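Just so we're clear, the structure is a prediction, and the values are computed from it rather than from any experiment. We count ligands from 1, going down the list as the structure has it; atoms in each ligand are counted the same way. We number each residue from 1, following the sequence as shown.
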Amino acid sequence: MKKRIYFNEVVTRDGFQSEAQFIPTEEKIQLIDSLSECGYAKIEVTSFTSPKAIPMLRDAAEVMQRIKRNPDVEYTVLVPNLKGAERALDAKADEMNLVMSTSEAHNLANLRMTREQSAQALAEVIRFVGDKTPINVSLSTSFGCPMEGDVPIEQVMKYAAYFVDLGVRGLTICDTTGMGHPEQVSRMVEALQQRFIDHQNLQLTLHFHNTRGMGLANVLAGVQGGIVRFDGSLGGLGGCPYAPGATGNICSEDAIHMLDAMGLDTGIQLEKLLPLARQLADLVGHSVPGQVLKAGRIGDLRQRIIQ
Ligand code: COA
Ligand code: ZN
């Protein structure tokens with residue numbers, strides 16, 4: 001049997017949040033509804049952040065209310081604080097994705113708190129949510145911080161263990177600005193698996209950006225290390241507004257195309273996904289970095305060139 005990979009599409013959250021032009025609510029809903037039919041395990045729909053901080057996602061409640069939910073897809077939302085958790089509960093999100101950075105400088109820029117303040121505030125959120133909604137915690141800048149440089153693996157483990165002890169269902173280890181390389185990913189995955197060997201149900205996800213062209217190599221290192229959950233963004237859109245020089249997430253359709261070619265089961269129908277990626281440039285008003293979209297799939301043979 002093919003090994004199952006669980007893919008989380010983050011284009012309407014991570015992808016859209018740094019776009020300059022507001023994307024109309026209706027268009028967001030249409031895109032999410034179409035993505036819901038492609039076979040994703042999870043879609044990160046939006047974030048319940050401050051509308052002043054992330055104006056693009058100020059329509060989060062309306063989007064959550066109006067999307068058509070496919071029972072086979074989990075609809076998750078990013079939540080930075082208690083107020084966000086209250087809004088996410090009202091919106092009946094299937095999962096809350098809490099976020100903090102493993103580097104002090106990025107946490108201060110992104111969340112306006114020290115890491116210790118964030119850790120305490122998120123513990124309060126976890127207590128508040130209780131068993132009403134499963135919780136995932138995303139640890140940003142885990143493979144390096146654009147302001148501080150190296151982030152020691154022990155620092156990532158410290159926060160990972162803190163949240164696992166608080167009973168969260170999953171952790172996402174994020175390379176927010178594409179500083180991680182495959183050997184580092186292998187070390188990280190091994191360290192996580194050793195540390196949480198007694199937590200067989202813990203869902204470990206990897207979240208890469210392709211800022212330096214290492215995105216898919218990092219996915220491969222993750223797969224080879226036994227990770228089965230990945231985030232990606234349609235077209236390769238994305239970037240943290242609080243990380244200088246940040247660029248897009250790994251491109252979902254490129255990653256899925258690679259995993260399919262390797263014989264893994266992503267559950268995703270590329271023939272449905274590629275037309276959505278093709279529409280994305282019009283939606284955001286600029287080209288997107290995805291490559292399979294430009295070249296076609298490996299199997300899409302062209303007419304032989306006759307000289
Ligand atoms: N949802 C809606 N509004 C919120 C909110 C939330 N989750 N959290 C705070 N606010 C509002 C407050 O009500 C307050 O509004 P007011 O000025 O009208 O009174 C205002 O935002 C400031 O609140 P405060 O608690 O002082 O927060 P802050 O200004 O320190 O902002 C964050 C902290 C984390 C809420 C904010 O910086 C944020 O949302 N950042 C986005 C982080 C992000 O998504 N980054 C990219 C992904 S990693
Ligand atoms: Zn990201």
Side-chain angles (χ1 to χ4, degrees), residues 8-19 44-64 76-91 93 96-103 105-115 117-122 124-125 128-129 136-147 159 171-180 205-212 214-215 218-219 229-252 255 289:
N8 176 27
E9 176 57 60
V10 302
V11 65
T12 54
R13 200 282 296 169
D14 209 347
F16 283 179
Q17 72 184 5
S18 51
E19 288 298 317
E44 187 160 306
V45 175
T46 186
S47 71
F48 285 105
T49 42
S50 152
K52 281 185 204 137
I54 313 275
M56 173 64 90
L57 302 178
R58 61 179 185 250
D59 55 5
E62 187 182 348
V63 170
M64 281 299 284
T76 188
V77 293
L78 185 133
V79 162
N81 57 13
L82 202 53
K83 178 152 188 185
E86 287 168 358
R87 294 174 64 208
L89 272 183
D90 284 347
M96 292 189 203
N97 182 22
L98 311 185
V99 61
M100 70 168 282
S101 303
T102 51
S103 90
H106 186 262
N107 205 65
L108 283 168
N110 192 29
L111 298 166
R112 302 185 191 212
M113 283 184 263
T114 64
R115 284 172 301 180
Q117 285 169 330
S118 271
Q120 279 179 28
L122 295 185
E124 211 179 305
V125 173
F128 166 76
V129 174
N136 184 79
V137 174
S138 280
L139 297 174
S140 306
T141 63
S142 288
F143 293 88
C145 168
M147 293 162 252
Y159 289 105
L171 290 174
T172 301
I173 309 300
C174 304
D175 187 13
T176 310
T177 59
M179 294 172 71
T205 303
L206 293 175
H207 175 109
F208 296 121
H209 283 253
N210 196 37
T211 320
R212 294 172 178 82
M214 293 186 277
N218 287 338
V219 171
R229 294 172 200 277
F230 296 90
D231 288 357
S233 175
L234 192 69
L237 209 64
C240 174
Y242 301 98
T247 56
N249 293 72
I250 58 156
C251 170
S252 298

* **Residues that Arg87 engages under salt bridge (Lys or Arg N to Asp or Glu O under 4.0 Å), provided they are two or more places apart** => none
If you measure only the distance, is there a donor-acceptor pair under 3.5 Å linking the side chains of [X] and [Y]?
X	Y	answer
Asp231	Thr205	no
Asn107	Ser118	yes
Asn97	Ser138	yes

* Considering all heavy atoms of both residues, which atom of Val99 and which atom of Leu111 are nearest to each other, and what is their separation? -> O-CD1, 3.4 Å
* Asked: Do you know which two heavy atoms are closest between Thr141 and Pro146, and how far apart they sit?
  -> CG2-CD, 4.3 Å
Which is closest to [atom] by heavy-atom distance: [options]?
atom	options	value
atom 8 (N) of ligand 1	Leu78, Ile54, Asn81	Asn81
atom 2 (C) of ligand 1	Arg58, Arg87, Met113	Arg87
atom 37 (O) of ligand 1	Asn110, Thr49, Leu82	Asn110
atom 15 (O) of ligand 1	Met100, Gln17, Glu86, Lys52	Lys52

Within-cut-off N or O pair, [X] and ligand 1, under 3.5 Å:
X	answer
Phe48	yes
Gly84	yes
Ser47	no

* **Within reach of ligand 1, part of Arg13 (heavy-atom separation under 4.0 Å)** => side chain
* Structure fact -> Honestly, for Ser50 the part within reach of ligand 1 (heavy atoms, under 4.0 Å) is both
* Asked: Does some non-hydrogen atom of Ser101 fall short of 4.0 Å from ligand 1?
  -> no
* Asked: Relative to the heavy atoms of Pro51, which atoms of ligand 1 are at a distance of less than 4.0 Å?
  -> 2 (C), 3 (N)
* Could you give all pairs that pass the salt bridge (Lys or Arg N to Asp or Glu O under 4.0 Å) test and reach residues 46-56, with sequence neighbours left out? -> none
* To do: Report, rounded to 10°, the angle at the Zn ion (ligand 2) between the two atoms NE2 (His209) and OD2 (Asp14).
  => 100°
* Asked: With distance as the sole test, does Asn218 use its side chain to make a donor-acceptor pair with the main-chain N or O of Gly180 at under 3.5 Å?
  -> yes
